[in-house]
Each structure stands twice: as structure tokens, then as C-alpha cells.
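Everything below concerns the one structure shown next.
Just follow the structure's listing: the first ligand is 1, and inside any ligand the first atom is 1.
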Amino acid sequence: MKQVNLEELFAEARKAADFAYAPYSKFRVGAALLADDGTVITGCNVENRSFGLTICAERSAVVKAVSGGHRSFKALAVSTPDSEAPVGPCGACRQVLSEFMEPSSPVLFAGSGNEKVETTLGILYPFDSLHDLGS
Ligand code: THU
């Protein structure tokens with residue numbers, strides 16, 4: 001299997017952040033998922049004036065991917081260019097990602113600074129008690 005190139009995936013996430021619709025928070029987020037067949041699917045945050053309806057970049061990427069026929073992802077990258085420090089996926093996104101990624105799947109996230117966090121979904125979302133309900 002081709003080694004996952006997280007830096008390339010992060011570059012795609014960074015580009016996706018420029019599509020963010022974030023007039024309220026002014027905080028752009030881009031996400032890039034690497035599907036099992038090598039396809040990269042990106043997403044960005046899409047806010048709403050009814051603030052609670054905001055969709056995060058990670059879930060936007062998942063919905064786009066699954067509706068395009070991709071159900072299994074081997075890596076995720078998240079870019080938050082409006083923060084210097086890395087910002088990881090929120091709790092809701094971690095739950096949704098766990099439906100389609102293995103605990104061992106690599107996750108890379110970074111802001112505009114040099115620091116990059118490379119971890120796994122299992123570290124971000126341990127004790128996934130509902131996992132066995134999945135098919
Ligand atoms: N946001 C994401 O897109 N992903 C995250 O994991 C954290 C937060 C978005 C939601 C909102 O549009 C903005 O960032 C500020 O919270």
C-alpha cells in the first residue's frame with residue numbers, strides 16, 4: 001500500500017480552508033480525507049446566521065465523501081490558517097469520523113505556525129463505547 005503522505009493531504013486541507021464560509025467567526029477551517037482508494041475529499045466549515053447550524057470542515061468532508069461513494073478513510077488532515085496554533089477536530093466531528101476511520105488512522109492538524117500535531121483518531125477519540133453498534 002502506498003504510504004500515506006500526510007504533508008500532501010495537509011496541503012489539500014489548507015487549500016480547502018480558503019473555501020470556508022465563515023463570516024461570523026472569521027475562522028476558516030479546511031479538512032482533507034484520504035479514501036481507501038487514494039481519492040482525496042476536502043471540506044470546509046459552512047456557517048449559518050442561526051449559529052447552531054454551522055457545519056464543521058471535517059463533517060462537511062465526511063458528508064461530501066460518503067455521498068460520493070467513499071466510506072472508508074485512511075487519514076485526515078485539518079488546517080486552521082487563522083490560528084497560529086494547531087486546532088484539532090471538535091468532539092462532534094471525532095464521533096462522526098469514528099464511523100468511517102480506524103482508531104489507528106493518522107490525523108494531522110496545524111494552524112499557520114510551524115507546530116504540527118500528528119496523532120491518530122484513537123488517541124483523539126478513545127473509549128468509543130458505541131463502536132460495536134457499527135456494521
Ligand atoms: N470548526 C471546524 O470547522 N472544525 C473544528 O473542528 C472546530 C471548529 C469551525 C466551526 C466554526 O465555523 C468555526 O470553526 C469556529 O468555531
Report the nearest protein non-hydrogen atom to [atom]: residue, atom name, distance rounded to 0.1 Å.
{"atom": "atom 3 (O) of ligand 1", "answer": "A57 N, 2.9 Å"}
{"atom": "atom 4 (N) of ligand 1", "answer": "E58 OE1, 2.9 Å"}
{"atom": "atom 10 (C) of ligand 1", "answer": "T54 CG2, 3.8 Å"}
{"atom": "atom 9 (C) of ligand 1", "answer": "N45 ND2, 3.6 Å"}

Pull out every atom of ligand 1 sitting under 4.0 Å from any heavy atom of [X], numbered as shown with elements.
{"X": "G88", "value": "6 (O)"}
{"X": "E47", "value": "11 (C), 12 (O), 13 (C)"}
{"X": "S25", "value": "13 (C), 15 (C)"}
{"X": "C56", "value": "1 (N), 2 (C), 3 (O), 4 (N), 5 (C)"}

Evaluate whether atom [atom1] of [X] has more than 12 neighbouring non-hydrogen atoms of other residues, nucleotides or ligands under 6.0 angstrom away.
{"X": "F19", "atom1": "CZ", "answer": "no"}
{"X": "Q95", "atom1": "CD", "answer": "yes"}
{"X": "D37", "atom1": "CG", "answer": "yes"}

Original post:
Do C90 and ligand 1 have an N or O pair less than 3.5 Å apart?
Top reply: yes

**OP:** Kindly confirm or rule out a cation-pi arrangement of K116 over F10, judged by NZ or CZ under 6.0 Å from the six-membered ring centre and within 45° of its axis?
**Re:** yes

**OP:** Using non-hydrogen atoms of the residue, decide whether A31 is closer than 4.0 angstrom to ligand 1.
**Re:** no

Subject >> Contact check, P89 vs ligand 1, heavy-atom distance below 4.0 Å >> reply: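 For ligand 1, residue contact (heavy atoms, under 4.0 Å) with P89 is present.
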
Original post:
Under 4.0 angstrom from atom 16 (O) of ligand 1, is there any protein heavy atom?
Top reply: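 No, there is no protein heavy atom closer to it than 4.0 Å.
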
**OP:** Determine, for D36 against K74, whether the closest basic-nitrogen to carboxylate-oxygen distance falls under 4.0 angstrom.
**Re:** no

Subject >> Sidechain N-carboxylate O distance under 4.0 Å for D18, R28 >> reply: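 Judged by the 4.0 Å cut-off on N to carboxylate O distance, D18 and R28 do form a salt bridge.
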
Subject >> Check: V107 and L124 side chains under 4.5 Å, non-hydrogen atoms >> reply: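 L124 vs V107: side chains touch.
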
Original post:
Aromatic rings F100 and F73: how do their planes relate, parallel, tilted or perpendicular, breaks at 30° and 60°?
Top reply: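 Judged by the thresholds at 30° and 60°, the geometry between F100 and F73 is perpendicular.
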
